[in-house]
Amino acid sequence: MAVERTLSIIKPDGVKKGVIGNILNRFETAGLKLVAMKLVQLSKKEAEGFYAVHSDKGFFDELTTFMSSGPVVISVLEGESAIAKNRELMGATNPKDADPGTIRADYSEYVGENTVHGSDAPDTARTEIAYFFAETELVN
Ligand code: CMP
C-alpha cells in the first residue's frame, strides 16, 4: 500500500445540510489526514473547468450550475490508499446504489446532488489537486 493524496469536495448540498463536520470526522476516523482545505463558492466557469471531462454529457449544465450554487469545502486528504479509502467512505456515485453507512447513502437525495466528490485515480487526483491548490498550500 502506498501513501496517496486525493481531492475531496463537500458539495453545496452537504454544506447546506450542515454535515461538514460529520463528513470530515469520517475522513479523520478512517485515518485520512487533511493537508489542505478551503471553503469557497465556485464560479460557473471554475466548475465547468473542473468537470471539463464531462462537458459532452447531458447533465453537464445541471452539474456545473449546482456546483456553483453555494459554498463548497475543498480539501486534500492524505493516507494509505487515500483514493480508494475516500471512495469507500463516499459510496456509489448514485446514492440509490450506495452501501448503507456511506456518506451518499446517509445524506444524498439523488445522483445530481450527491454530497461529495472524490478523485477516482492517481493521475486525476494530481490534476484535481493542482486545479484548486498551489503546491505551497499543501502542508507537509
Ligand atoms: P462526481 O463524483 O462529482 O463526478 C461527476 C458528477 O456528475 C457525479 O459526481 C454526479 O454528481 C454527476 N452526475 C453523474 N451522472 C449524473 C446524472 N445522470 N445526472 C446528474 N448528475 C450526474
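Just so you know, ligand 1 is whichever comes first in the structure, and atom 1 is the first atom listed for that ligand. Just so you know, these numbers come straight off a predicted model, no measurement behind them.
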Which pairs of donor and acceptor atoms, one on a side chain in residues 133-140, lie under 3.5 Å apart (sequence neighbours left out)?
from: E137; atom 1: OE1; to: A134; atom 2: N; distance (Å): 2.8
from: N140; atom 1: OD1; to: R5; atom 2: NH2; distance (Å): 3.3

The test is side-chain contact (heavy atoms from CB on, under 4.5 Å); show your working for F132 and L42 and say whether it passes. CA-CA 10 Å; F132 287 119; L42 301 178; 3.6 Å; yes
Kindly write out the residues that satisfy ring pair (Phe, Tyr, Trp, His ring centres under 6.0 Å) with Y110, not counting sequence neighbours, or none if the list is empty.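 For Y110 there are no ring pair (Phe, Tyr, Trp, His ring centres under 6.0 Å) partners, ignoring immediate neighbours.
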Quick check on ligand 1: any N or O pairs to the protein under 3.5 Å? One line per pair.
from: ligand 1; atom 1: 2 (O); to: R104; atom 2: NH2; distance (Å): 3.4
from: ligand 1; atom 1: 2 (O); to: H117; atom 2: ND1; distance (Å): 3.3
from: ligand 1; atom 1: 3 (O); to: K11; atom 2: NZ; distance (Å): 2.7
from: ligand 1; atom 1: 3 (O); to: Y51; atom 2: OH; distance (Å): 2.6
from: ligand 1; atom 1: 3 (O); to: H117; atom 2: ND1; distance (Å): 2.9
from: ligand 1; atom 1: 9 (O); to: K11; atom 2: NZ; distance (Å): 3.2
from: ligand 1; atom 1: 9 (O); to: N114; atom 2: ND2; distance (Å): 3.1
from: ligand 1; atom 1: 11 (O); to: K11; atom 2: NZ; distance (Å): 3.3
from: ligand 1; atom 1: 11 (O); to: V111; atom 2: O; distance (Å): 2.8
from: ligand 1; atom 1: 11 (O); to: N114; atom 2: OD1; distance (Å): 3.3
from: ligand 1; atom 1: 11 (O); to: N114; atom 2: ND2; distance (Å): 3.3

Which donor-acceptor pairs under 3.5 Å do side chains of residues 80-97 form with protein atoms, sequence neighbours excluded?
from: K85; atom 1: NZ; to: A30; atom 2: O; distance (Å): 3.3
from: R87; atom 1: NH1; to: G118; atom 2: O; distance (Å): 3.2
from: N94; atom 1: OD1; to: K96; atom 2: N; distance (Å): 3.0

The residue among L24, L77, I74, V73 that forms side chain to side chain contact (heavy atoms under 4.5 Å, CB included) with S8 is L77
Per side chain to side chain contact (heavy atoms under 4.5 Å, CB included), Y107 is matched among I10, V19, D13 by V19
